[in-house]
Amino acid sequence: RAGGRYYPKLVTAVPYTPVTGRRLLLADDTPDAARIAHTLVAGVRALAESLGASSWHCLFPADGQLALLEDSDLLRREGCQYHWYNAGYASFDHFLASLSSKRRKEIRRQRREIADSGLVVELLEGPAITPAHWRVFHRFYCDTFARKWGEPRLTLPFMCSLSETMPEAPVLLLARDGDEYVAGAFALRGGDTVYGRHWGCSRFVRHLHFELCYYGFIDYAIARGLRHFDAGAQGEHKVPRGFVPVRTWSVHWLRDPGFRRAVADFLRRETVAVERYVEDVGAH
């Protein structure tokens, strides 16, 4: 409405993946890291100018790199995700003992309903995930985007390639009714973290989303001794299931001064609201 052009823009991020990590490729012990970071950011701005890009957006930088992205021309935005942390739990029941009695009973009831439904939940990792499994899950994945008026970006060949090129990483939870798969959830395993990414189903089964997307991967993290479960963006409903709010960040450079002033004004107000929100959710 203001008559500007937002695209093209430059983005520094992991594609389609709201995961925090290094965005400036500097080792922790890099001498003169601040000076090098300043040079990198200046280079990005010069590239944006030469391309006629409206802006540069650095998404989900690690906390340890925020100080390297301090600049009077860069705007910082605060966000919130919900993550689960393993406090040395020996089992899923041990984890449940850390929750209130009400939540324990609720989660046990939900898991019992799935167990009593006759569905079989299969855990598949790496090379055990066959092309047939990927075809099933990719159908679920595409269906989720179709229901939400989105566009699936990950292709079936890409998913199949994970079992060959990164066999230690992909994890699938598939729910089967007899010979028919009815739902699935996909995650990637890192060094000490499992990253929950996508889910889909062919029919509604009450509580199955919670079982595959949350309880199943919490169980998996405990069994594998993983420290952390990043279940992706959004979802206050994760808090009663043992997840905690985690601050996330993004950094933005906007070429147009008027646009920059408007966004900066918005961020000043939004940041106060986000910080209060994180504190309020954390109190629960």
Side-chain angles (χ1 to χ4, degrees), residues 11 13-21 59-60 79-84 110 114 119-177 180-221 224 226 228-239 241-243 246 248:
V11 177
V14 180
Y16 320 121
T17 308
V19 169
T20 293
L59 309 182
F60 301 103
C80 176
Q81 291 182 346
Y82 305 92
H83 294 194
W84 178 87
Q110 291 174 352
I114 297 300
L119 295 179
V120 176
V121 176
E122 298 179 3
L123 169 66
L124 302 163
E125 297 181 81
I129 306 174
T130 67
H133 292 131
W134 282 123
R135 283 193 294 273
V136 167
F137 178 74
H138 190 260
R139 187 175 74 247
F140 293 148
Y141 163 77
C142 292
D143 182 70
T144 296
F145 280 83
R147 291 170 190 266
K148 296 184 177 181
W149 302 282
E151 184 176 344
R153 302 292 188 178
L154 303 181
T155 65
L156 178 57
F158 165 76
M159 290 184 175
C160 290
S161 73
L162 292 175
S163 297
E164 300 173 5
T165 60
M166 300 174 63
E168 74 289 346
V171 184
L172 277 185
L173 284 172
L174 294 176
R176 180 167 48 81
D177 184 1
E180 178 192 6
Y181 286 108
V182 297
F186 165 51
L188 290 167
R189 176 176 173 173
D192 64 355
T193 299
V194 58
Y195 299 93
R197 292 271 61 87
H198 295 288
W199 126 281
C201 63
S202 59
R203 71 171 191 249
F204 174 76
V205 178
R206 195 167 70 152
H207 307 315
L208 187 56
H209 175 263
F210 295 147
E211 175 63 32
L212 295 187
C213 294
Y214 305 135
Y215 308 147
F217 285 123
I218 289 174
D219 227 342
Y220 173 82
R224 298 297 189 274
L226 301 179
H228 176 213
F229 174 29
D230 173 351
Q234 304 173 346
E236 289 182 352
H237 57 273
K238 296 171 186 172
V239 175
R241 294 168 174 84
F243 291 76
V246 173
T248 61

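Residues take their numbers from the sequence shown, with the count starting at 1.
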Calculate, to the nearest 0.5 Å, the distance between atoms [atom1] and [atom2] belonging to [X] and [Y] respectively.
{"X": "S163", "Y": "E168", "atom1": "OG", "atom2": "CD", "value": "11.0 Å"}
{"X": "I218", "Y": "L226", "atom1": "CD1", "atom2": "CG", "value": "12.5 Å"}
{"X": "R224", "Y": "E125", "atom1": "CZ", "atom2": "CD", "value": "4.0 Å"}
{"X": "F140", "Y": "R135", "atom1": "CZ", "atom2": "CZ", "value": "13.5 Å"}

**Prompt:** Can you check ring pair (Phe, Tyr, Trp, His ring centres under 6.0 Å) on Y214 and F243, steps first, answer last?
**Reply:** CA-CA 10 Å; Y214 305 135; F243 291 76; 5.7 Å; yes
Run the salt bridge (charged side-chain N to carboxylate O under 4.0 Å, His left out) test against R206 and tell me which residues pass, sequence neighbours left out.
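E113.
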Practice prompt. Please lay out, stage by stage, how Y215 and H207 fare under the test side-chain contact (heavy atoms from CB on, under 4.5 Å).
Written response: CA-CA 10 Å; Y215 308 147; H207 307 315; over 6 Å; no
Between [X] and [Y], is any pair of side-chain heavy atoms under 4.5 Å apart?
{"X": "L173", "Y": "W199", "value": "no"}
{"X": "V14", "Y": "V19", "value": "no"}
{"X": "R153", "Y": "F145", "value": "no"}
{"X": "Q110", "Y": "I114", "value": "no"}
{"X": "F186", "Y": "W134", "value": "yes"}
{"X": "T130", "Y": "H133", "value": "yes"}

Which residues pass the ring pair (Phe, Tyr, Trp, His ring centres under 6.0 Å) test with H198, not counting sequence neighbours?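 Once residues adjacent in sequence are excluded, the partners of H198 under the ring pair (Phe, Tyr, Trp, His ring centres under 6.0 Å) criterion are Y141.
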In terms of ring plane angle, is the pair H237 and F210 parallel, tilted or perpendicular, where the classes change at 30° and 60°?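 The arrangement is tilted - the two ring planes meet at 30° to 60°.
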Taking side-chain hydrogen bond (donor to acceptor under 3.5 Å, both in side chains) as the test, write out the residues that go with [X], two or more places apart.
{"X": "Y82", "result": "Y277"}
{"X": "W84", "result": "none"}
{"X": "T193", "result": "H228"}
{"X": "T248", "result": "none"}

Among T17, D230, L162, which one satisfies side chain to side chain contact (heavy atoms under 4.5 Å, CB included) with L188?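 In the set T17, D230, L162, the residue that makes a side chain to side chain contact (heavy atoms under 4.5 Å, CB included) with L188 is L162.
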message = Taking P18's backbone N and O only, do any of them form a donor-acceptor pair with Q81's side chain (distance below 3.5 Å, no angle check)?
response =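 Side chain of Q81 to backbone of P18: a pair is present.
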Any donor-acceptor N/O pair, H138 side chain to L154 backbone, under 3.5 Å
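Between the backbone of L154 and the side chain of H138 there is a qualifying donor-acceptor contact (under 3.5 Å).
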Check this for me, if you would: do D143 and R139 make a salt bridge, where the nitrogen-to-carboxylate-oxygen distance has to be below 4.0 angstrom?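 R139 and D143: not salt-bridged.
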Report task. Of all the heavy-atom pairs spanning G184 and L174, show the shortest one and how long it is. Result ->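 So the two residues come closest at CA-CD2, 3.7 Å.
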Could you check R203 against D177 for side-chain contact (heavy atoms from CB on, under 4.5 Å), going step by step and ending with a plain yes or no?
CA-CA 11 Å; R203 71 171 191 249; D177 184 1; 2.6 Å; yes
